[in-house]
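I have placed the structure first, in the form of structure tokens, so that the comments after it can refer back to it.
Chain A is the first sequence line, chain B the second, and so forth, proteins listed ahead of strands; every chain is numbered from 1.
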Amino acid sequence: MTAKKNSSLYQGIYNLVQQIPPGYVCSYGRIGQLVGCTARTVGFALAALPLNNDVPWQRVVNRHGQISLRADGAGHVLQRDLLVSEGVCFCEKKRIDMSTYGWKFLEPEPSGSVCA
DNA sequence: TTGTTGACTCTGA
DNA sequence: CTCAGAGCCAACA
């Protein structure tokens, strides 16, 4: 089953990102490990995403909980805006608290989700 | 097929 | 904590 194909790799990444609830973020390595590839591959997959996609790529950040500069050199601003718009707060200078917003695969509901 | 690049991560200092 | 270097995987020329 499953018949995983090369394209399935990207599909798996997109599917996983789509499972991220609003107000939460995930790291590349986490998704990469779930799909069976490295963080670089995840970033590459998201980079190949069209501007109008059904994948909340903005919820994907690096391991430090910060937004990495895109190949375009711009977009991290948009990403930050989208995250803040969803409820994620960048308390520490564009830094997200993974302990609070770090979404875990199949993780139960969180407890408070607000930022002073 | 090989070499380079890339939205990253890890380890060491 | 921050900075720097090396590594891993996938796509492109």
Side-chain angles (χ1 to χ4, degrees):
Chain A
M1 33 222 78
T2 71
K4 305 251 170 161
K5 289 184 179 352
N6 302 344
S7 305
S8 293
L9 179 61
Y10 279 45
Q11 288 296 314
I13 295 169
Y14 303 147
N15 184 24
L16 204 60
V17 176
Q18 287 177 358
Q19 288 179 55
I20 302 176
Y24 280 85
V25 295
C26 195
S27 58
Y28 295 94
R30 184 65 49 166
I31 299 169
Q33 206 152 107
L34 290 170
V35 300
C37 65
T38 52
R40 283 196 176 263
T41 310
V42 178
F44 217 79
L46 295 177
L49 273 170
L51 268 44
N52 293 32
N53 55 66
D54 299 327
V55 183
W57 58 271
Q58 58 253 35
R59 289 177 194 156
V60 184
V61 295
N62 61 10
R63 196 77 176 72
H64 294 281
Q66 294 188 275
I67 301 174
S68 301
L69 269 63
R70 278 208 308 112
D72 270 348
H76 56 145
V77 179
L78 175 65
Q79 185 170 5
R80 175 170 59 85
D81 183 54
L82 289 167
L83 287 172
V84 173
S85 185
E86 293 202 340
V88 179
C89 180
F90 290 74
C91 302
E92 290 296 319
K93 303 305 177 168
K94 315 292 179 295
R95 195 170 289 187
I96 305 172
D97 187 349
M98 285 308 224
S99 303
T100 304
Y101 299 104
W103 172 70
K104 271 117 209 253
F105 190 66
L106 255 51
E107 164 82 9
E109 63 191 67
S111 21
S113 49
V114 294
C115 180

Worksheet item: Under 3.5 Å, side chain of A:Q66 to main-chain N/O of A:R95, donor-acceptor pair present?
Response: no
Response to the item:
For DNA chain B, the dot-bracket notation using Watson-Crick and G-U wobble pairs below 3.5 Å, [ ] for pseudoknot-type crossings and | for other-strand pairs, is .|||||.||||||
Worksheet entry | Sugar-phosphate, base or nothing in reach of A:I67, heavy atoms under 4.0 Å | nothing
Item to complete: State which residues pass side-chain hydrogen bond (donor to acceptor under 3.5 Å, both in side chains) with A:R70; sequence neighbours excluded, sorted by chain then number.
Response: A:D72
Worksheet entry | Nucleotide nearest A:S27 (side chain, heavy atoms from C-beta), chosen from B:dT9, C:dC9, B:dA7 | B:dT9
Worksheet, complete the sentence: Checking B:dT9, B:dG6, B:dA7 against the side chain of A:F44 (C-beta onward), the nearest is B:dG6
Worksheet, complete the sentence: Of the listed B:dT9, B:dA7, C:dA11, the closest approach to the A:R70 side chain comes from B:dA7
Item to complete: Taking side-chain hydrogen bond (donor to acceptor under 3.5 Å, both in side chains) as the test, write out the residues that go with A:T41, two or more places apart.
Response: A:T38
Discussion item. What's the closest nucleotide to the side chain of A:N62 if the choices are C:dA10, B:dT9, C:dC8?
Written reply: B:dT9
Practice prompt. Can you sort out which residues in residues 75-85 of chain A have a heavy atom within less than 4.0 Å of DNA chain B? Ascending by number, please.
Written response: none
Worksheet item: Of the nucleotides C:dT2, B:dT9, B:dA7, which one has an atom closest to the side chain of A:R95?
Response: C:dT2
Worksheet item: Quick one: side-chain contact (heavy atoms from CB on, under 4.5 Å) partners of A:N53, sequence neighbours excluded?
Response: A:L49, A:P50, A:V55, A:W57
Worksheet item: In terms of side-chain heavy atoms of A:A39, which of B:dT9, B:dA7, C:dA10 is nearest?
Response: B:dT9
Worksheet entry | Residues forming a side-chain hydrogen bond (donor to acceptor under 3.5 Å, both in side chains) with A:E86, sequence neighbours excluded | A:R59
Item to complete: Give a yes or no answer on whether the side chain of A:Y101 reaches the backbone of A:F90 with a donor-acceptor pair at less than 3.5 Å.
Response: no
Practice prompt. Taking only the side-chain heavy atoms of A:T38 (C-beta and beyond), determine which of C:dC8, C:dA10, B:dT9 contains the nearest atom.
Written response: C:dC8
Fill in: Listed nucleotide nearest any side-chain atom of A:Y10, set B:dC10, B:dA7, C:dA11
C:dA11
Discussion item. Judged by each residue's nearest nucleotide on DNA chain B, which is more toward the 5′ side, A:R30 or A:T41?
Written reply: A:T41
